[in-house]
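Computation of the quantities below employed the complete heavy-atom set of this structure, encompassing side-chain atoms and omitting hydrogens, waters and symmetry-equivalent molecules. All values derive from a computational prediction rather than experimental measurement.
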Amino acid sequence: MSTNEELTRTFSELDVNDDGQITMTEFLTAMTARGEKITAAEVESIFQDADSDKDGRISLPEFTEAWRRADRP
Ligand SMILES: [Ca+2]
Ligand SMILES: [Ca+2]
């Protein structure tokens with residue numbers, strides 16, 4: 001599976017209501033459902049980094065961009 005496909009799949013897992021945007025609530029819910037221990041403060045800091053247009057939601061391009069940034073050594 002290519003990185004892009006994997007990212008798209010992860011994105012749609014996080015985008016619970018399938019509207020093409022991940023909200024903080026969706027992110028927190030999906031992470032918790034996966035058994036990840038994540039706090040609201042951690043989610044906020046992830047969103048501050050990833051949400052480049054500051055609309056409070058993460059789109060697929062923002063998600064992909066943030067993932068690439070995080071991947072860099
Ligand atoms: Ca959504
Ligand atoms: Ca955004």
### Message
So, taking the atom named CG in N17 and the one named OG1 in T29, what distance separates them when rounded to the nearest 0.5 Å?
### Response
10.5 Å
### Message
Could you tell me if the side chain of D53 sits less than 4.5 Å from the side chain of E62, heavy atoms only?
### Response
yes
### Of all pairs that satisfy salt bridge (charged side-chain N to carboxylate O under 4.0 Å, His left out), the ones with a partner from residues 22-50, not counting sequence neighbours
E13-R34, D49-R69
### Query
So, the side chain of D51 versus the backbone of G56: is there a donor-acceptor pair under 3.5 Å, distance only?
yes
### Task
Working to the nearest 0.5 Å, report the span between CG of L28 and CG of L14.
11.0 Å
## Note on the structure
To the nearest 0.5 Å, atom OG1 of T10 lies from atom CD of E6 at 6.0 Å
### Message
Please check this pair: side chain of D15 against backbone of D19, looking for a donor-acceptor N/O pair closer than 3.5 Å.
### Response
yes
### Query
For D55, which residues count as a salt bridge (charged side-chain N to carboxylate O under 4.0 Å, His left out) partner, sequence neighbours excluded?
R57
### Task
Using the rule that two of Ile, Leu, Val, Met, Phe, Trp, Tyr join whenever any of their side-chain heavy atoms come within less than 4.5 Å, decide whether V16 and F11 are in one cluster.
no
### Message
Rounded to the nearest 0.5 Å, what separates atom OG1 in T64 from atom CG in L7?
### Response
5.5 Å
### Task
Determine whether I38 and F27 make a side-chain contact, defined as any pair of heavy atoms from C-beta on separated by less than 4.5 Å.
yes
